[in-house]
There are 2 protein chains.
Amino acid sequence: MHPTFQSHDHSHCAGDNLARAEALMTERGARLTPVRKRVLEILLEAHRALGAYDVLQRLATEGFGNQPPVAYRALDFLVEQGLAHRIQRLNAFTACMHVGESHAPAFLICRKCDTVAEAPVAPVRAALEATAEGLGFALERASIEAIGLCPNCREAA
Amino acid sequence: MHPTFQSHDHSHCAGDNLARAEALMTERGARLTPVRKRVLEILLEAHRALGAYDVLQRLATEGFGNQPPVAYRALDFLVEQGLAHRIQRLNAFTACMHVGESHAPAFLICRKCDTVAEAPVAPVRAALEATAEGLGFALERASIEAIGLCPNCREAA
DNA sequence: GGTAACTTGTTACGATATAACATGTCAAGA
DNA sequence: TCTTGACATGTTATATCGTAACAAGTTACC
Ligand SMILES: [Zn+2]
Ligand SMILES: [Zn+2]
Ligand SMILES: [Zn+2]
Ligand SMILES: [Zn+2]
């Protein structure tokens, strides 16, 4: 089973990812400022996708700005740096669970409990790349988002 | 090369798809009313993804309602019936080019000319299905959307 | 310390989407 | 034929998501 779907020490996995994110930012000379860091923490604590306005609301109660650009800028930064991903289907954002590793993920979204898992799908990507190339299409980026039931909700049903 | 990317008699390919759509609706006892049919035609004439408000604007100049629900309801109907697809990345809609055939498409979106091609990607789906099953996730639907350069724009660059 | 690049805050607005209710259409079945 | 219920459309109002533009503060570097 995918780790996201198992019960686990979440504060530990979040802290782990946060540490890796900070190291990576230092290495790149990019600045993980307080807002950005806090947004990343918020995402890491959630284990599901959060809308920009959800994030904003939490920021506002903590003394940061309370206008949309505050959230969107931090989120955009995290996405650019590969520390977070955007889930198109949900107009929402989720923390990357594989920081640093070169990865081309797919997202498995549970329609019951809203959990989002980041699954490594290198073979799927390869197949897509092959198809595109066969059609003369120069593939640059692709988003793969699946809807269904996570193992827990599946069992409950 | 994928047919979408070739120059072709577009009015013919549109008329063809429209005829198949009407036949399918009759067969199902679903009603392809004037608004719905017109929206489908608009999408078929475009060969690219159109936003709901783009569609709405054209409807309004033709004597249909000019409020958002008019467009959204027709578009939702077409998507439910498999006559159109929603492109998540673009918040836009495109006519299905393979009406009736059971198909699980991926969309190849040219970031230069905005053309959208519907590519059959059964192997890609199969790989994704296998991955999901391996993780205990019950996959129901998935959207696969690729960004890149179509053959024409690729050559021009 | 001066300066340029970057970051944050704020105002204002644009774009996308839906809830709720009124009205109109159509096809059975009484 | 007339009623009636299901479906479709029109309309108002509002919710949700996202960005342009500018002002003010901070940081890195010479
Ligand atoms: Zn990731
Ligand atoms: Zn679930
Ligand atoms: Zn299709
Ligand atoms: Zn192109």
Side-chain angles (χ1 to χ4, degrees), chain A residues 21-22 25-43 48-81 83-94 114 143 145, chain B residues 21-22 25-26 28-43 48-81 83-94 109 114 143 145:
Chain A
E22 295 200 89
M25 290 304 92
T26 303
E27 183 187 322
R28 287 188 191 158
R31 296 168 55 194
L32 194 62
T33 60
V35 208
R36 293 169 177 174
K37 181 172 172 181
R38 188 66 195 114
V39 169
L40 181 54
E41 286 171 358
I42 289 169
L43 293 181
R48 63 187 195 87
L50 295 181
Y53 281 73
D54 294 335
V55 172
L56 181 57
Q57 197 167 354
R58 304 199 196 192
L59 287 178
T61 67
E62 298 175 20
F64 294 100
N66 66 339
Q67 297 305 313
V70 173
Y72 280 103
R73 283 196 288 236
L75 288 165
D76 290 347
F77 171 86
L78 294 174
V79 170
E80 275 168 23
Q81 296 293 327
L83 302 180
H85 298 287
R86 179 178 204 130
I87 312 293
Q88 310 282 349
R89 266 196 107 89
L90 304 177
N91 291 327
F93 301 82
T94 188
D114 289 329
S143 54
E145 299 175 0
Chain B
E22 295 200 89
M25 290 304 91
T26 304
R28 287 188 191 159
R31 297 169 54 195
L32 193 61
T33 60
V35 208
R36 294 169 176 174
K37 181 172 171 181
R38 188 66 196 113
V39 169
L40 180 55
E41 286 171 357
I42 289 170
L43 291 181
R48 63 188 195 88
L50 295 181
Y53 282 75
D54 295 335
V55 172
L56 180 58
Q57 197 167 352
R58 304 198 195 193
L59 287 178
T61 67
E62 297 175 21
F64 295 99
N66 66 338
Q67 297 305 313
V70 173
Y72 280 103
R73 282 196 289 234
L75 288 165
D76 289 347
F77 171 85
L78 295 174
V79 170
E80 275 167 23
Q81 295 294 328
L83 302 180
H85 298 289
R86 179 180 201 128
I87 312 293
Q88 310 283 347
R89 268 196 105 90
L90 304 177
N91 291 326
F93 301 82
T94 189
I109 306 162
D114 289 327
S143 54
E145 300 175 358

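None of the values given here were measured: they were computed from a predicted structure. Letters go in sequence order (proteins before strands), and every chain restarts at 1.
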**Asked** Can you check side-chain contact (heavy atoms from CB on, under 4.5 Å) on Met25(B) and Phe77(B), steps first, answer last?
**Response** CA-CA 11 Å; Met25(B) 290 304 91; Phe77(B) 171 85; 3.9 Å; yes

**Request:** Check the pair Arg36(B), Gln81(B) against side chain to side chain donor-acceptor pair (under 3.5 Å), reporting the backbone distance first and the verdict last.
**Result:** CA-CA 11 Å; Arg36(B) 294 169 176 174; Gln81(B) 295 294 328; over 6 Å; no

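Residue Arg86(B) is classed as a sugar-phosphate contact, given heavy-atom separations below 4.0 Å to backbone atoms only.
Between Ile42(B) and Asp54(B) the shortest side-chain heavy-atom distance does not fall below 4.5 Å.
At whole-Å resolution of the value, CZ in Phe77(B) and C1' in dT18(C) are 20 Å apart. The nearest whole Å value for the distance from the CZ atom in Phe93(B) to the C1' atom in dA15(C) is 13 Å. Going from atom CG of Leu78(B) over to atom P of dA8(D) covers 12 Å, rounded to whole Å. In this structure, CG of Leu75(B) is placed 13 Å from P of dT16(C), rounded to the nearest angstrom. If you take CD of Gln81(A) and P of dC6(C), they are 13 Å apart, rounded to a whole angstrom. To the nearest angstrom, P of dT11(D) lies 18 Å from OH of Tyr72(B). Between Glu80(B) atom CD and dC7(D) atom P there is a gap of 12 Å when expressed in whole angstrom units. When the C1' atom of dT27(D) is taken as reference, atom CE of Met25(A) falls 18 Å away, rounded to whole Å.
In this model, no side-chain donor or acceptor of Tyr53(B) finds a partner on the base of dG14(C) within 3.5 Å. Looking at Arg73(A), its side chain has no donor and acceptor atom pair within 3.5 Å of the base of dG18(D).
Minimum heavy-atom separation, Leu40(A) to Ala21(A): CD2-CB, 3.6 Å.
Proximity of Asn91(A) to the phosphate of dT16(C): no side-chain N or O atom is located under 4.0 Å from OP1 or OP2.
Both Gln67(B) and Arg31(B) lie near DNA chain C, and the one whose nearest nucleotide falls closer to the 5' end is Gln67(B).
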